[in-house]
Every structure is written in C-alpha cells, then in structure tokens.
Student: 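Please see the structure below; I have some questions.
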There are 2 protein chains.
Amino acid sequence: MELHSVVIVEDHNLLSQAIAGLVNSFNKFTVLYTCKNGKDLLTKLKTPTNIPEIILMDVNMPILNGIETTEILKNEYPNLKVLALSVEENETTIIKMLKAGAKGYLLKDVEKEILETALIETITHGYYHTKDVSNILINSLNEGNKGNVKLKEREIEFLKNVCSEMTYKQIAEKMFLSPKTIDGYRDNLFQKLEVKNRIGLVLYAIKNGIFKI
Amino acid sequence: MELHSVVIVEDHNLLSQAIAGLVNSFNKFTVLYTCKNGKDLLTKLKTPTNIPEIILMDVNMPILNGIETTEILKNEYPNLKVLALSVEENETTIIKMLKAGAKGYLLKDVEKEILETALIETITHGYYHTKDVSNILINSLNEGNKGNVKLKEREIEFLKNVCSEMTYKQIAEKMFLSPKTIDGYRDNLFQKLEVKNRIGLVLYAIKNGIFKI
DNA sequence: GTTAAATAGGGTGAAAACACCTTAATTTTT
DNA sequence: AAAAATTAAGGTGTTTTCACCCTATTTAAC
C-alpha cells in the first residue's frame with residue numbers, strides 16, 4: 001500500500017519532531033520532512049519531489065505565519081491540503097485560517113486518534129472538522145462580521161506600538177507623524193475593531209498575533 | 001537494564017502523547033503515564049507505585065500550573081526531579097520555575113537529542129541547563145530582583161480586571177471598593193512591577209499568566 | 001503593649017486619553 | 001477627468017489616568 005505523504009510546519013523543534021513521530025506511527029502516513037516556518041516551506045516546495053499530499057500547519061509562527069502561508073499555498077498549489085494545528089482557540093483566528101483555505105482546524109489537545117482520523121478524512125473527503133471547532137464557528141456566526149477586518153501596514157505598526165508603555169505622543173514621534181494623526185489612527189481602529197479604549201487595542205493585537213508577548 | 005520512569009504533565013493531549021512517544025523511543029527511559037495538569041498529577045502521586053524518577057512539566061496549564069505544582073512537589077516529594085518544558089522564554093517565568101525547584105528548563109524548540117541528554121544528565125547529575133536558558137538567566141541577573149514579587153489575592157483580582165475595557169471607576173464598582181482605593185492598588189502595582197501605566201500592567205498580567213487571552 | 005504594616009480611603013492638579021468635527025493633499029477608482 | 005477614498009493633520013472640550021500628598025482602622029510582629 002502506498003503511504004500518504006505529510007509535511008509538518010511548526011516552529012518548535014521538539015514538538016515538530018514529536019508530532020512527526022506520531023504521524024509516522026500511523027500506518028497510512030509518512031512524514032516527508034518538517035519545516036520551521038512558512039518561508040522554509042515555500043522554499044522547499046519549489047522542488048517538485050518535495051510536494052506532499054497534506055501539510056500539518058501550525059498557526060503561530062515567526063517570519064511567515066500559518067494564515068499567510070496557507071493563503072499563498074491556496075493560489076500557488078491549489079491541490080495541496082492544509083490542516084491547521086494550533087493551541088489557538090480564538091474564533092477570529094480559526095475563521096481566518098479556514099478562509100485562507102485550510103481543510104480543517106485541529107486544537108493541540110485532541111487525541112492522537114483524532115489526528116489520524118483527520119488525516120484520513122482529509123485524504124478521502126477533502127476536509128475534516130471536529131465538533132469543538134464547528135461549535136466555535138457556529139457561535140461566532142451570530143457575532144456577525146468578524147475576521148474580515150483589513151488592517152493597513154501603518155495601522156499594524158501603530159498597533160504594535162500601542163502595546164507598549166509609550167504615550168501616543170511618543171508613538172507619534174517614533175512613527176514620524178503628528179500626534180493628531182495618531183489620534184486619527186486610534187479613533188479609526190476603535191471603530192473598526194469595535195473596542196472602547198487602548199486596552200481594547202492591546203488585547204486585540206495580542207489575540208490576533210499582531211503583538212507577540 | 002532498568003528503565004528510568006518519566007511522567008509527562010501537559011494540558012494539550014496531542015503534544016502530551018507525541019512527547020510520550022518521543023521519550024519512549026529513548027532507550028533508557030519509559031513513560032509511566034501522562035497528566036493534564038498539576039491537580040491530576042498530585043492525585044496520581046498518592047499511589048506510591050505512581051512515583052516516577054523524573055517529571056516533564058509544562059509551565060502553562062489550567063487549574064494548577066507548573067510553577068505552583070513544582071513548589072508543592074519540592075516540599076512533599078523532595079526526591080522527585082522536575083524538568084520544565086515550555087514555549088515560554090520569559091525571564092521571570094524561567095526564574096520562578098527554577099526557584100520553585102525545577103532541575104532544568106527546556107524550551108520547546110530544542111532538538112529531541114537535547115531532551116534525551118537533559119533526561120540523562122538529570123538522572124546522573126541532578127540537573128541540566130541549556131545554553132539558551134543560562135544566557136537568559138545571566139542577562140536577567142543584571143536586572144536585579146525580578147521574579148520575587150509577591151502579589152496579594154486582591155491585587156491579582158484587580159490585575160485581571162485591568163485587562164479589560166473597564167475604566168478604573170467601573171473596576172472599583174465591580175470590586176466593591178472606592179475609586180480611591182483602586183487608585184492606591186494601581187499606584188502600588190506601578191511601583192512593585194516597575195511599570196509606568198495601565199498598558200504595563202496588562203502586559204505584566206499576560207506575561208505572567210495572571211490574565212489569559 | 002507598642003511598633004510596624006497592611007488595608008481602605010480622601011484631595012488636588014497635571015497629563016494623557018478619548019470624542020467629535022473639519023480640512024487639505026494625494027491616490028485610486030470609475 | 002471627475003468622484004471617491006485614503007492619508008495626514010488641526011481645533012476644542014470632556015473624561016480618565018496618573019502622581020503625590022495625607023489619614024484612619026485593623027492586623028501582625030517584636
């Protein structure tokens with residue numbers, strides 16, 4: 001019987017190797033190789049023999065995160081099936097990942113049997129969703145249009161600076177802008193992100209991986 | 001040859017099982033069982049045959065975290081060797097964990113060979129430290145007395161509330177205190193934690209697991 | 001049993017944050 | 001080429017935050 005090839009993208013080495021061991025123990029699957037981040041993966045994929053059937057992708061990674069990477073893969077390798085694997089239970093993250101084209105989203109506390117099932121289902125039916133994730137998704141449907149807030153480069157830079165002990169005046173200096181412009185950025189983001197104050201911005205930035213603790 | 005027994009304490013099931021697989025693949029070690037949190041572990045340890053030589057302990061866990069659990073183990077089972085295993089690179093967390101009695105602190109991105117070395121060294125010499133962690137520790141020595149800030153129950157409750165979009169006035173109402181008392185709590189914490197403003201408090205609370213995103 | 005500290009609260013003033021509304025130049029869309 | 005959107009910035013006023021002062025109980029320590 002032919003083994004299905006899997007590639008693991010995960011920045012933490014030990015986890016990467018441990019998960020690889022697990023996948024190799026499943027009798028229909030084999031790990032082709034592992035990558036430390038999205039950039040690594042894209043480089044590897046340029047060699048045609050390096051293209052697997054399934055990619056197990058962590059969401060929180062440095063350099064090129066799971067969401068961005070999956071989005072690129074959707075366009076450049078549409079036949080590649082991406083399964084997200086993350087500790088992140090945040091609705092907006094899950095939605096972003098699925099919108100980016102992931103075929104499923106596994107939380108890192110699933111049983112290993114579920115991982116095997118997910119891999120098999122993804123090969124045979126093209127997707128797999130756990131009840132956990134489905135529930136989170138259904139709940140978030142009622143909350144309307146989350147997950148499709150588009151932030152500009154400068155706004156992201158601003159948000160990162162907001163997650164510090166600087167005053168807005170200091171942020172303005174650092175970004176070479178007038179304090180009044182910063183006021184505008186802030187007020188805009190309050191609306192866009194539906195938050196009331198700076199604390200809300202900080203929490204949003206951290207939840208969405210814009211600022212890493 | 002006698003195998004050395006290891007217990008894994010880790011809240012994420014998949015990781016727990018993956019790491020267990022890894023440890024079982026080392027030829028001097030075997031996994032006795034795994035636990036989902038510190039409380040689970042303490043219960044299990046009450047049965048004498050359940051006492052291993054080494055505990056591989058995650059730091060961030062619900063119910064009873066790695067630091068608290070290690071502290072309890074130091075008193076109740078002083079011969080038990082705890083190795084911390086975490087993604088947390090934060091100096092204060094590492095220091096707290098080592099102060100609590102951990103024999104080593106491994107970051108989750110180490111190679112599996114390092115994990116094996118760490119286990120062997122901990123059995124033979126009683127401790128193991130990677131260069132990464134040593135460097136972080138040495139750097140933090142210059143920063144003086146971090147990691148020994150004692151927070152009171154009410155301060156922790158306050159800190160949790162600070163990580164929200166409430167104003168201090170609203171926090172005061174919620175905690176049935178005068179806004180002026182809240183002022184005092186805040187100013188005290190600014191000094192204790194060496195931060196300048198509310199954002200600093202939020203970042204501290206999140207870094208130290210007081211507030212979970 | 002006096003001293004120390006922790007706990008809860010008050011007053012005042014300055015700085016920062018927030019709300020809301022307007023404008024002017026540039027860029028993008030149509 | 002005209003309309004619309006984006007980016008940067010100013011004005012004004014209120015609320016919140018922060019800094020630094022101080023006081024009265026109640027616990028804990030010596």
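Labels below follow one simple rule: chain letters A, B, ... track the order of the sequence lines, proteins then strands, and each chain is numbered from 1.
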Student: In this structure, how many angstroms lie between the P atom of dA6(C) and the CG atom of Asp187(B), rounded?
Tutor: 17 Å
Student: Tell me: CG of Leu193(A) to P of dC18(C), nearest whole Å?
Tutor: 13 Å
Student: Taking atom NZ of Lys74(B) as the centre, report whether more than 12 heavy atoms of other residues, nucleotides or ligands fall under 6.0 Å from it.
Tutor: yes
Student: Within the side chain of Arg154(B), is there an N or O that forms a donor-acceptor pair under 3.5 Å with the backbone of Tyr185(B)?
Tutor: no
Student: Given 3.5 Å as the limit, does a donor-acceptor pair link the side chain of Asn65(A) with the main chain of Ile67(A), or not?
Tutor: yes
Student: Could you tell me how far apart Lys169(A) (NZ) and dT17(D) (P) are, to the nearest whole angstrom?
Tutor: 19 Å
Student: Between Gln17(A) and Asn13(A), is any side-chain donor less than 3.5 angstrom from a side-chain acceptor?
Tutor: yes
Student: Check the distance between dT15(D)'s P and Ile199(A)'s CD1 and give it to me in whole angstrom.
Tutor: 20 Å
Student: OP1, OP2 of dC18(C) versus side-chain N and O of Lys196(A): anything below 4.0 Å?
Tutor: no
Student: I'd like to know if the side chain of Tyr33(B) reaches the main chain of Asn50(B), judged simply by a donor and an acceptor atom lying under 3.5 Å from each other, with no hydrogens or angles considered.
Tutor: yes
Student: For Phe158(A) and dA17(C), give me the distance from atom CZ to atom C1', rounded to whole Å.
Tutor: 11 Å
Student: Side-chain N or O of Tyr168(A) less than 4.0 angstrom from OP1 or OP2 on dC18(C)?
Tutor: yes
Student: Please determine whether side chain to side chain contact (heavy atoms under 4.5 Å, CB included) holds for the pair Ile63(B) and Lys36(B), giving the CA-CA distance in whole Å, both sets of side-chain angles, and the decisive distance to 0.1 Å.
Tutor: CA-CA 10 Å; Ile63(B) 304 187; Lys36(B) 287 188 85 71; over 6 Å; no
Student: How would nucleotides 6-12 of chain D be written as a contact map, 5' to 3', with B for base contact, S for sugar-phosphate-only contact and - for no contact, using protein heavy atoms under 4.0 Å?
Tutor: -SSBBBB
Student: Of all the heavy-atom pairs spanning Val59(A) and Ser86(A), show the shortest one and how long it is.
Tutor: CG2-CB, 3.6 Å
Student: Starting at atom CD of Glu173(A), determine the distance to atom P of dA16(C), rounded to an integer number of angstrom.
Tutor: 11 Å
Student: Rounded off to whole Å, could you give me the CD-to-P distance for the Gln170(A) and dA16(C) pair?
Tutor: 8 Å
Student: Of the options dA19(C), dT17(D), dA17(C), whose atoms approach the side-chain atoms of Thr167(B) most closely?
Tutor: dT17(D)
Student: What contact category does Arg198(B) fall into here, base, sugar-phosphate, or nothing, at under 4.0 angstrom with non-hydrogen atoms?
Tutor: sugar-phosphate
Student: Take atom CZ of Arg186(A) and atom P of dT15(D), then tell me their distance rounded to the nearest Å.
Tutor: 16 Å
